[in-house]
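Read the structure below first, then the notes.
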Amino acid sequence: MTSVERRAGVLAASDVRVAFGSTVALDGLSLEAARGEIVALIGPNGCGKSTFLRVAAGLLRPDRGEVTLDGEPISRPDPRIGLVFQEPRLLPWRSVADNVGWPLELAGWARAPRAERVGELIDLVGLRGSERLRPAQLSGGMRQRAALARTLALSPEVLLLDEPFSALDALTRERLNLELLRLHADTGMTIVVVSHSIPEAILLADRVLVLTPRPGRVAAEVRIDAGHPRSLETLDVAFVSDAAAEIRRHLQTGAAAA
């Protein structure tokens, strides 16, 4: 694991092991995401990708090892770390605005600054005009935008994404990935995203970490040599084929060794 300068937003895992009874999800997983970096995790089903995100978010304690933020161990949920799940998990009886503002209410924000912050977030994720709608009135993409805005309410330093767009159609998924890149450019957050899609991982990430079959650990690192900003045309550049081939090779090697 490459050493990087310890600045706000540096997420690091060291020798993490998590078992659920006799099933070992992670064993010896170590990685680091530098400040402002986008790191994609890719690997076969059941290799512990989502489990790692829950450890990193402070929702699950590892049996061994630790995850740190700026050198401090994460042992409980931390407002500096936001997690977006595969499902939006919005409160169905609340409007978009009230869902987005829920973390601010819990944090004790007064009404006026809370409304101002919610307005900023609504604009950031492109939901202006939908503030009073309830989740059942939204498309899948709009629900995920609202969930993302809610996660961003307290301005986390690190954003963890657990395949948040996987259930959406291809065109909506592409559009939201581009909006995620725009959001990253605007905020400079550190992002760790789980994906099963090699093109998506290449489009988003500065580095793609390939995990082994369960128990998961990092088998390989593939650097994506594309600058920012990126667009869908990035996927047409020649180096993308080489990066995709390398990722597939590591996935196939891991599967053959399992």
Using side-chain heavy atoms (C-beta onward) and a distance below 4.5 Å, is L176 in contact with E179?
yes
Taking [X] for the side chain and [Y] for the main chain, is one N or O donor matched with an acceptor at less than 3.5 Å?
X: R150; Y: V96; value: no
X: T190; Y: G9; value: yes
X: H184; Y: G36; value: yes

Is the CZ atom of R128 crowded by more than 12 outside heavy atoms at less than 6.0 Å?
yes
Counting only heavy atoms from other residues, nucleotides and ligands, does the tally under 6.0 Å from CZ of R61 exceed 12?
no
Pick one: which of R173, H196, Q144 meets side-chain contact (heavy atoms from CB on, under 4.5 Å) with S166?
R173
Less than 3.5 Å apart, any donor N or O on the side chain of [X] or [Y] sitting next to an acceptor on the other?
X: R248; Y: T253; value: no
X: S50; Y: D162; value: yes
X: E200; Y: S195; value: yes

Check this for me, if you would: do [X] and [Y] make a salt bridge, where the nitrogen-to-carboxylate-oxygen distance has to be below 4.0 angstrom?
X: R80; Y: E72; value: yes
X: D27; Y: R214; value: no
X: R230; Y: D206; value: yes

Should E37 and R35 be marked as a salt bridge (charged side-chain N to carboxylate O under 4.0 Å, His left out) after you check the CA-CA gap, both sets of side-chain angles, and the distance that decides it?
CA-CA 6 Å; E37 186 179 30; R35 178 180 180 269; over 6 Å; no
Please identify each residue that fulfils side chain to side chain contact (heavy atoms under 4.5 Å, CB included) with T187, with sequence neighbours left out.
L183, M189
